[in-house]
2 protein chains.
Amino acid sequence: MSHTVGVRQTQKLRTRQALLDAALGLLEHQSLSSLGLREVTRAAGVTPTAFYRHFEDTAALGVALVEEALGSLHGMIGAVLAETGDSEERLGRSVELILRHVGEQPAHFRFIAREQHGGVGPVREAIAAQLRRFAEEVAAALAEEPESRGWSEEDLLMLGGLYVDHMVITASALLDAGPDGEREVAGVARRRLRLVTLGRLHWLDDANGADTP
Amino acid sequence: MSHTVGVRQTQKLRTRQALLDAALGLLEHQSLSSLGLREVTRAAGVTPTAFYRHFEDTAALGVALVEEALGSLHGMIGAVLAETGDSEERLGRSVELILRHVGEQPAHFRFIAREQHGGVGPVREAIAAQLRRFAEEVAAALAEEPESRGWSEEDLLMLGGLYVDHMVITASALLDAGPDGEREVAGVARRRLRLVTLGRLHWLDDANGADTP
DNA sequence: CAAGTCAGTGAACAGTCGTACTCTCAAATG
DNA sequence: CATTTGAGAGTACGACTGTTCACTGACTTG
């Protein structure tokens, strides 16, 4: 085995990335199920046949895009929630985090929002798996806090999922609003989070067991 | 003007409906931006050219589908919220309402969930407009309740949007879960609604004006 | 009942699509 | 240095796409 990365392999990764970038660009105005293989290779400056050296399908390319978009975000949420400060500060930081990431990588988030319920099964499942992981991470971070004393694991996961779903909704709303409506969307998102957090603090106030059969 | 509906016009509406039905069926496994005009007409048992007598685009057909899926739901939410009972009962009825409608018209809801952030602009906008109307209706219904004393119109709209977004999320989750996971999804949805409602009751407990600049 | 309207047909158009071939030639291998 | 490997090019294939045009014939209208 060689200790260098290899000129050949780096070049392969380069074209692979070119395909991913080209696809992401095209997906800004259409959804994955209508994305043509030739369309991607044309935008990437490669012949159609070269596509097969990297992905079997456009669906496989989509799964790779999911990984690229969400893979690097793990831990970030937990880190933000673990920071000190009262709930109002931490809440504001969460919204700012989304705002910054969406501003920096709008195409990635648009892709996730679009394909979360899109027509390509494997991609939908990949996104669902990633979001489930996020929800679990948030739930784990919440469990560390004193406010979660007495909470069942099930309810913590419910709350984590609630937060994650609102992250996605907020990101999507930011994309729809554009730079002008950004502040308003952020304000609404903050108030929504505040209301949920308020509900959390009073979750155990009374019996609250209407669901148990 | 004739007082009868006209054999010709009813037949036209019949094929129009056939096109809508065929499209809805095909859209169960793909998204609108990849739906072909010929594909639809083939499934509807009509020649491709006949399509143009009813819709200019597949996009226009999509907009018509949005109307068909959501148009008849207006008022229902307000009616449910206006019913008597404590918040726990009304909350349960809301979830049951979604559960029933999704069970009866799964394809419609799948379409809405899929195209809410899909690749076809006009359809996205049509859905957004309908959901905004829902949010306003819910806000108006909430405003009638004594629990909303002291709430600003802005916050009521925020809360209404929160409820509507959760309706959509729940519907989509129900579709993903299938008949087996239906009860579990409904349980989580109920607990989420309960938490939001809890937050609502304590919204005005303290100052709560961190946003005002 | 004659004239006109118009929903739907059928053929033809130029494109685009995904995929299967063979081929090249620079990098990796031993 | 001789050999093998493999990323990408080039060509060709049949299938499918949206749109156009002239057309038919049942219904509507005056």
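Only a predicted model underlies this, so the values are computations on that prediction, with no experimental measurement involved. Each chain gets a letter, A, B and so on, in the order its sequence line appears, and its residues count up from 1.
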### Query
Does CD belonging to Glu104(A) count more than 12 external heavy atoms closer than 6.0 Å?
yes
### Message
Assess whether a salt bridge exists between Glu96(A) and Arg190(A), defined as any Lys/Arg side-chain N lying under 4.0 Å from an Asp/Glu carboxylate O.
### Response
yes
### Message
Let me spell it out: for each of Arg53(B) and Arg53(A), pick the nucleotide of DNA chain D with the closest heavy atom. Which residue's pick is nearer the 5' end?
### Response
Arg53(A)
### Message
Counting primed atoms plus P, OP1 and OP2 as sugar-phosphate and everything else as base, spell out the protein contacts along nucleotides 10-18 of chain D at 4.0 Å heavy-atom distance: B, S or - for each nucleotide, 5' to 3'.
### Response
B-B----SB
### Query
When we call it a touch if two heavy atoms are under 4.0 Å apart, what does Ala50(A) touch: a base, just sugar-phosphate, or nothing?
sugar-phosphate
### Query
What side-chain hydrogen bond (donor to acceptor under 3.5 Å, both in side chains) pairs are there with at least one residue in residues 157-167 of chain B, not counting sequence neighbours?
His166(A)-His166(B), Arg192(A)-Asp165(B), Tyr163(B)-Thr197(B)
### Glu154(A) atom CD, neighbour heavy-atom count above 12 within 6.0 Å
no
### Query
What are the residues of residues 19-26 of chain A, sorted by number, that bring a heavy atom to within less than 4.0 Å of DNA chain D?
none
#### Entry: Other residues, nucleotides, ligands: >12 heavy atoms within 6.0 Å of Glu153(B) CD
no
### Task
Tell me, yes or no, whether the heavy-atom count around Gln17(B) atom CD, taken from other residues, nucleotides or ligands under 6.0 Å, exceeds 12.
yes
### Query
What do you reckon, is CD of Glu83(B) surrounded by more than 12 foreign heavy atoms closer than 6.0 Å?
yes
All N/O pairs under 3.5 Å across the protein-nucleotides 2-5 of chain D interface:
from, atom 1, to, atom 2, distance (Å)
dT5(D), O2, Arg8(A), NH1, 3.0
dT5(D), O2, Arg8(A), NH2, 3.1

### Summary
Computed from five pairs at either end and rounded to 10 degrees, the angle between the axes of the helix from dC1(C)-dG30(D) to dC17(C)-dG14(D) is 20°
### Task
Identify, with sequence neighbours excluded, every residue that meets side chain to side chain donor-acceptor pair (under 3.5 Å) alongside Glu145(B).
Arg90(B), Arg200(B)
